[in-house]
Structures are given as C-alpha cells and as structure tokens.
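Notes follow once the structure below has been shown.
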Amino acid sequence: MANNYLDISGVGITFPTDNGPFCALENVNLRIDEGQFIALIGHSGCGKSTLLNILAGLEQATSGGAILQGQVVDEPGPERAVVFQNHALMPWLTVYQNVELAVKQVFKGRKSKREMREWTEHNLQLVHMEHALDKLPGEISGGMKQRVGIARCLAMQPKVVLMDEPFGALDALTRAHLQDSLMEIHAELGNTVVMITHDVDEAVLLSDRIVMMTNGPAATIGEILEVELPRPRDRLALAENPDFNHVRQQVLKFLYAKQRNPALLEENAAPKETPASEPTPLRAVNDSEAA
Amino acid sequence: MSTVHTVTDSPPAGALSASILRRLNHALRVTGLPVIGIGVFLFLWQLAASNINTSLGQFPGPVEVKEQALNLYQEHVREREKADAFYARQEARNAKKLENTPDAKIKWRSYTGKPTFIDQIFTSLYTVSFGFLIATLIAVPLGVICGLSDSVYRAINPIIQVFKPVSPLAWLPLVTMVVSALYMSDDPLFEKSFLTSAFTVALCCLWPTVINTTVGVSGIDRDLVNVSRVMALPTLVHVQKIVLPSAIPMIFTGLRLSLATGWMVLIAAEMLAQNPGLGKFIWDEFQNGSSNSLGRIMVAVITIGLIGFLLDKIMLGLQKRSSWDKQAILR
Ligand SMILES: Nc1ncnc2c1ncn2[C@@H]1O[C@H](COP(=O)(O)OP(=O)(O)O)[C@@H](O)[C@H]1O
Ligand SMILES: [Mg+2]
C-alpha cells in the first residue's frame, strides 16, 4: 500500500530577516502515498504555507527536500498545481480564459484546439461553473471564484494538488458546498492532495491523514492522525459518528492543549502561576466549532 | 412644481416633483456650475484687462481675444486660397508648356508662404506626437524590465533619479548640436528643427512613464506571479498575459503625465530654439509688437490649454478602453 509517491525528508528553511536568520521549519519528514488526501493543520504562523510552497517549488528549502515520483522538487511546475487562498484569478480574464491559460500552457502541442476547449469546459463542469464561462472574476461570488481556481488547478492534471486554506475566506455554507464538491472530485479523479486548513471539522471530513504541526519557530510535524472513516463520507451522518468525534477530539487536544495558540499563551503570560497545560480555553474551541 | 408635467397615470405629484427637482439639481451640477465658473472667470478677466495698460496697448479682454481668433482663422483661409491659386497657375502653366513642347522639362515648386496659426498648431501636434511616441517605445519596455528585475532597477534607478529633475531646456542645446552633427542627409525625411524639438520632448516624456511602469510592474499581486510560475509560463507570455494587463493602469498614469509634460516642454523648446510650432508663433508675435500681438498671444495661450486638455482626454479614453477594470474611477 505504501508507495512513497511524495517523499519529504529533513526539510528545513531559514529566512534571513532584519533580526538575523529566522528558522521557520526544521526537520520535516513526511511520506505521502498516491491518491492520499492529507490535511495540514497547525496554528497560524507555524509554517504551513512555507511547507506547501516548498512542495510547490515556489520556495527553496535550506536543508532537505521533497521528491515526487523519484524526481527532486526544485522549481515550480504544473505537475504540482496550487490552489491559493485568495483564488488568484487574473481579474482581466473571464472564467473560461483563466482556465484556458493554464490548459494552453500545459497541453501545448499535445492537444488540438478543440480538445483544449473541451478539456477547459470539462474542468469547469467538474466544479459546476459551466454557467458562468464568460463572466469576469469581479462579477462572481467568492465561492465561485474559488471553484474556478480549483478548476484551473485540476485542468493542469497535476500529480499533486496543493491547497493553501482554499476555503478559509468563505462563509460556512459556501465552504460546506465546496467541501462536498471537493470530496466528489477526489473520489472521481483520485488526486493526491495536500491541503492546509485551520478548520478541524474540515480536516477530519476530507482527509485520510491529518498532519499536525508544532508551533514555530523551527516548527515541525508534531503528530499524524490516520482518519479511517469509510468513504463516501456524509457530514450529517458523521456528526453522530463516535469515530469522527474521537478524531476530532484528538486534533483539538493537540491544537489547544499541547500546542497552544502562541497568541493565547501571551495573553495568559501575565499571571505566572497559570500552568501551561490548563484546560482548553473555551473561546478557542467555540471558534472552531462555529467555523 | 407639480404642474411641470401632467402625465396621466403618473406617480403622485409630490413624488414626481421630487424626482424632477433631483434631476434639475443634477443637471445644474453637471452643466450649470461649469458655465457659472466660466462666466465669472470671463467677467473678472475683462475687469482686470481693462485696468492693465502695456506698451503694446491694453491687455486683451475676452472680446478682443475672440476677434483675434477670428482674424487668425481668416488669415489661414486667405493663405490657403493663395496657395490653391498658386498651384492652379502652376498647373496651367505646365500643361501649356507640355502642349507646346511635349518633352519639355517641368518644374514643380511648392508654395512658400508664411505658416499660419493653424499650420503652427498642426506642426506642434505632430512634433509632440512623434516625441511622445519615441519616449513611449523606450519607456514602457524599460519600465517593464526594471519592474521585473530588481538588479536592473538598482542599476538604473540612480540614473533616472538624476536625469528626471533636469529641465528640458537644459537638454536643448545638446540635442540641437547632436542632431546637427549626426543627422546629415541630402534629402532629409524630417527637418532638423523638427527632430530637435521631438527629441527634447522625448527626453522629458521618458521619466514619468519609466517610473510609473516600474512601480506598476513591481506591484503585481504575488499570488498572480506565483500562479504564473506554477503554470511555468514562458517570460514573454508572462509579460503579455499577466504583467502588462495588471500594470496597465499605472502605465497609463505615467503616459498621461508624460504627454502633459511633453506638451509643456514643446512650447518652451519652440520658443527658445525658434523651431516651427505654437511656441515660435508666440515668440514672433512678441517680437512683432503690433497692437494685435497681445490678443493673438492670448489666443495661442488658450489654444495650448485646450489642446493639452484634449490630449489628456484622449489618453483617458484610451486608458478606459484598455483597462480591464471598468468600474475603476478614472479622472
Ligand atoms: N519570506 C519570508 N521571510 C521571513 N520570514 C518569513 C517568510 N515567509 C514566512 N516567514 C515566517 O515564517 C513563519 C511561517 O509562515 P507561514 O508559512 O506563512 O505560516 P502559516 O501559513 O502556517 O500561517 C512566519 O513566522 C513567517 O513570519
Ligand atoms: Mg498560511
């Protein structure tokens, strides 16, 4: 079963800053199998985006590196396509043209004009955006923009789909719709996915494994949770499922008891006698439940 | 108010009159206020003019200026008639010559009358367009390169910063000498004076466009650049599909500044170098010192202003057409 599709070993990165070098990641090791859905979770600022950017080739690791299907990752490329948090659509291109730009570049010389058009339209159908082909990004909602961003990513036929908090900027209802769409697509295409999220429910619902990161600086992988819930998963049924709730509890425990939010730690720093392992602050848990 | 329109089946009179009031108010703001502004200005101008006496007579008021404008136009029409008559005579003469001796040598001369005010306007427009075009062709690519590459920017920035504040007129003698030295041709495509003016304009048009293009290009959303890198777009496609569209607003801001600068510079250069154009017209009138001169100069001043305004409107129109963000408020 384990096929070491994407192998991340000893990844560390140090940024030069005004106050001297800043070590953001240290010794990150992870093996991902083909077709797996990985959720990357951790407090904000711990280095999730940095790790994803290293996988994308947008950022160079200072030590260690990633190997995808035996090939070292050292530059960005369409086989590791990224879905950005803020959709990153070209505002001057229509929905269709945005996807087409990627298709034309990736399948240049491999597909005929007609095949490219069909492929572009097919991918937009996959995310249910075929009704808005000629709209500009400014004319559609945030959720729709994110759908187009996903279509553009899928249209590149990537080996690995990298998503950086793709639904973070959306309201809860839209987010639920997109999560369902993403599950459908993943079931159909079987992509390998690495997705950053700060939403515990989202992580448990979507992923096969949840990778939890420790707080920075020098962040690394703290724990990895296998999510062995059967697919297809249904959010309503899962809400009552004891396994689901168990996994969820464990993630929450990691985030709010073992790796407490650095911002909260500072808040509590004044009364020195407060032990660091006090019960999970209610506020934080409520936040994630509301999300 | 409710008696203005008596339409059957219309909303209640109160609502109707309110909407009419609102529209009237709007019309007043759009057309009424500028008209009032211009009226007040003309009045103050007349008042001031009648109190200023110069060695060339009274300072021209609006009425005097209007007369001179008409005069200038009529002079132009007369000059055109003379030219037409000249060419007609020449043609008749040559035709006659050919009739008598079919293998006779025929001379065609062009009419050498004094350029009129209208001619000078077109000379200036032509010169500024040419200079602006040269500047644009250099400045936009240079700005794009500076915006894309930090190293190039660091290398070029000091040069830009030093040359930017140089008055165009300081360049003029140098440009004149260089053009005279380098541009030698028996059958010149362009007049030397034309090239001198155009190059001086170009030198001053460069900087605003270079700087604004650089700022526009380097300010592209990082996410968009990353998308382009993930798609592995080749540099030229990257520039064409991502860099240029996103920098277009800033590029046009630069172009508009450039054109406005260029137009001001041109008039000054023409005055100083005695190169044909509106600047020379003003200088000649000043030297003439007839009783009409001040009025004619004033006509030129207003024409220069109107043309500058029109040029900016044209650029604004182009900017609106080429900008993807139709909602952006452009002024
Ligand atoms: N280019 C950079 N230069 C300096 N520091 C950086 C740079 N990129 C990220 N960092 C730092 O690395 C840490 C991790 O950032 P990031 O990966 O964006 O966190 P996350 O996505 O988990 O919220 C942060 O402390 C951030 O300030
Ligand atoms: Mg992030």
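Sparse packing is recorded around NZ of A:K135, with 12 or fewer heavy atoms of other residues, nucleotides or ligands lying under 6.0 Å away. Residue B:L33 places its CG atom among more than 12 non-hydrogen atoms of other residues, nucleotides or ligands, all under 6.0 Å distant. Counted within 6.0 Å of CE on B:M264, heavy atoms from surrounding residues, nucleotides or ligands total 12 or fewer; the atom is thus considered open. Heavy-atom contacts from other residues, nucleotides or ligands closer than 6.0 Å to CZ of A:F15 number more than 12. Environment of NZ in A:K104: sparse, with no more than 12 heavy atoms of neighbouring residues, nucleotides or ligands closer than 6.0 Å. Crowding of B:Y153 atom OH: a count of heavy atoms from other residues, nucleotides or ligands under 6.0 Å not exceeding 12. Around the CZ atom of B:F122, the shell of radius 6.0 Å holds no more than 12 heavy atoms that belong to other residues, nucleotides or ligands. Counting non-hydrogen atoms of other residues, nucleotides and ligands closer than 6.0 Å to NE2 of A:H177 gives a total of 12 or fewer.
Going from atom CG of B:N226 over to atom CD of A:E59 covers 8.5 Å, rounded to the nearest 0.5 Å. For the atom pair CH2 of A:W92 and CG of B:L244, the computed distance is 9.5 Å after rounding to the nearest 0.5 Å. How far CE of A:M90 is from CG of B:L224: 5.0 Å, rounded to the nearest 0.5 Å. Residue B:S228 holds its OG atom at 8.5 Å from CD of A:Q105, rounded to the nearest 0.5 Å.
In this structure, no portion of A:A56 lies under 4.5 Å from any heavy atom of chain B. Looking at B:I248, there are no atoms closer than 4.5 Å to chain A (heavy atoms on both sides), in backbone or side chain. When heavy atoms are compared at a cutoff of 4.5 Å, B:D221 does not approach chain A at all. Contacts between A:L101 and chain B at a heavy-atom distance below 4.5 Å involve backbone atoms as well as side-chain atoms.
Closest approach of B:R229 and A:P76 over heavy atoms only: O-CB, 3.6 Å.
Of the residues considered (B:P234, B:S246, B:A232, B:P245), B:P245 shows the highest number of contacts with chain A, using heavy-atom pairs under 4.5 Å.
Just one of A:E79, A:R80, A:R152, A:M156 meets the side chain to side chain contact (heavy atoms under 4.5 Å, CB included) condition when paired with B:V230; it is A:M156.
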